[in-house]
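Not measured: the values here are computed from a predicted model. Ligands are counted one by one from 1 in listed order, and the atoms in each one are counted from 1 as well.
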Amino acid sequence: MNHLLSIEDLDRAAIERIVEQAERFAEVSDREIKKVPTLRGRMVLNLFYEASTRTRSSFEIAAKRLSADVVNFASSGSSVEKGESLKDTVLTLSAHKPDAIVLRTPWAGAAELISRWCSAAVVNAGDGKHEHPTQALLDVYTLRRHLGEISGASIWIVGDITHSRVARSNILAFQKMGAKVTVAGPPTLIPRGIEALGCEVRYSLEEITGADVVYALRMQRERMIESSLPSLREYVACYQINARRLSARQVLMHPGPVNRGIELSGEVIDSPRALITAQVEAGVVVRMAVLYELLAGTPERNPSQAPEPQLA
Ligand code: ASP
């Protein structure tokens with residue numbers, strides 16, 4: 001694997017390989033000294049053009065636990081504010097010879113584009129409403145740990161499907177793992193033709209009792225145009241996941257950040273059925289596994305500094 005741009009590029013075996021590697025790295029996170037020398041001498045550049053709490057911090061922690069050097073670049077406060085383009089920024093920062101570039105932008109397709117401009121391994125950490133593959137991988141990891149087996153599970157993804165990169169990556173990943181995926185939400189927030197991805201569509205939550213997993217999404221107001229913005233009161237009344245809609249046998253997931261009181265009620269966020277904190281924890285070990293998959297044992301990316309791949 002040269003880059004991680006989309007879940008479409010991964011088959012089930014590749015997803016399982018990354019998740020199993022993450023399971024091995026989970027042991028490192030429980031140690032007193034949470035570090036292995038696997039990527040010593042390698043450099044990871046985190047290039048973020050959009051806000052991020054979980055993804056950015058967990059990529060940084062993941063790279064540091066693997067002993068890589070990390071450079072964090074946020075577009076605000078940089079020459080991007082003086083008008084420097086994405087291409088010129090990437091070419092400029094490539095002069096520092098990063099081995100991997102972790103990129104988040106509001107533009108669909110940007111990660112694929114920069115993979116053509118530089119020799120670093122590119123990880124898509126969210127490109128507009130297109131994809132967020134590491135979120136899907138950490139969700140597969142979390143569910144495998146919780147359910148044991150994803151194959152055969154019924155997973156409902158609820159909310160703003162249209163503007164969510166998480167929805168797209170997760171529909172693909174969950175289905176590759178053998179789950180049956182249903183997307184549900186108001187018609188204005190479900191793209192026409194989404195069934196082509198293999199999922200079912202529901203415009204009400206009447207049948208949500210049949211789900212094993214309820215995966216709620218944030219309303220992506222930053223990507224909405226006026227006409228797709230539903231009334232929040234109406235949305236809450238029809239689609240909020242609350243104690244009335246979530247049964248004791250179901251588990252609840254959300255990629256964060258949560259808008260408490262909108263897509264989820266406070267009581268379900270704080271209930272033992274919520275796996276939201278486990279998802280954040282999984283972010284570090286899964287991103288370690290992704291960096292390991294891309295960089296360990298690829299001396300051609302940086303021949304003078306190639307370390308022997310090793311776990312401990
Ligand atoms: N954190 C996720 C993303 O960046 C989900 C969200 O922002 O709602 O796509």
Side-chain angles (χ1 to χ4, degrees), residues 4-8 46-62 72-76 101-112 122-143 155-174 181 183-186 189-191 194 213-224 228-230 232 235-236 239-241 252-264 268-269 274-284 286-287 290:
L4 177 59
L5 305 175
S6 159
I7 289 292
E8 277 185 66
N46 288 326
L47 189 50
F48 278 67
Y49 281 74
E50 258 193 355
S52 174
T53 300
R54 284 147 285 268
T55 306
R56 188 159 56 169
S57 61
S58 61
F59 264 113
E60 180 173 354
I61 296 167
N72 290 314
F73 174 95
S75 58
S76 65
I101 298 180
V102 176
L103 180 74
R104 165 166 294 188
T105 73
W107 310 298
E112 205 269 323
V122 176
V123 183
N124 180 6
D127 59 338
K129 56 183 183 180
H130 175 229
E131 276 227 37
H132 192 355
T134 59
Q135 177 72 47
L137 292 171
L138 73 88
D139 289 330
V140 167
Y141 172 95
T142 306
L143 268 187
I155 304 179
W156 276 51
I157 302 180
V158 180
D160 178 3
I161 310 294
T162 299
H163 304 95
S164 170
R165 51 197 174 208
V166 175
R168 198 177 149 72
S169 289
N170 283 25
I171 291 168
L172 296 172
F174 290 152
V181 177
V183 298
L189 296 180
I190 299 192
I194 186 105
V213 178
V214 176
Y215 195 110
L217 296 170
R218 178 178 69 88
M219 236 176 314
Q220 310 270 305
R221 276 180 272 190
E222 70 274 29
R223 296 186 218 291
M224 286 182 190
S228 61
L229 185 71
L232 282 187
Y235 182 87
V236 168
Y239 299 101
Q240 184 189 72
I241 306 300
L252 173 68
M253 300 178 85
H254 190 297
V258 174
N259 285 145
R260 204 173 257 266
I262 298 182
E263 66 269 12
L264 297 179
V268 296
I269 299 171
L275 301 183
I276 301 169
T277 311
Q279 288 172 267
V280 178
E281 263 180 55
V284 172
V286 167
R287 287 168 177 134
V290 167

Q. Among Arg218, Met219, Glu263, which residue places a heavy atom closest to atom 7 (O) of ligand 1?
A. Arg218

Q: Return the residue, atom name and 0.1 Å-rounded distance of the protein heavy atom closest to atom 9 (O) of ligand 1.
A: Arg165 NE, 2.8 Å

Q.
I'd like to check which ligand 1 atoms, numbered from 1 as shown, lie under 4.0 Å from a non-hydrogen atom of His132.
A. 3 (C), 4 (O), 9 (O)

Q. Does some non-hydrogen atom of Gln220 fall short of 4.0 Å from ligand 1?
A. yes

Q | Salt bridge flag under 4.0 Å for residues Glu8 and Arg168 | A | yes

Q) Do Arg104 and ligand 1 have an N or O pair less than 3.5 Å apart? A) yes

**Q.** 4.5 Å side-chain heavy-atom contact, Glu263 and His254
**A.** yes

Q. Has the side chain of Arg287 got a donor or acceptor atom that lies under 3.5 Å from a matching backbone atom of Phe59?
A. no

Q | Side chain Asn46, main chain Val102, donor-acceptor under 3.5 Å | A | no

Q | Within-shell test, Pro257 vs ligand 1, heavy atom, strictly < 4.0 Å | A | yes

Q: Determine, using heavy atoms of Gly256 and all atoms of ligand 1, whether some pair is separated by less than 4.0 Å.
A: yes

Q.
Could you tell me, atom by atom, which parts of ligand 1 come under 4.0 Å of a heavy atom of Val166?
A. 2 (C), 5 (C), 9 (O)

(Q) Tell me whether Gln240 contacts the main-chain N or O of Ile262 through its side chain, where contact means a donor paired with an acceptor under 3.5 Å. (A) yes

Q. Can you list the steps and then say if Val122 with Leu5 is a side chain to side chain contact (heavy atoms under 4.5 Å, CB included)?
A. CA-CA 7 Å; Val122 176; Leu5 305 175; 4.0 Å; yes

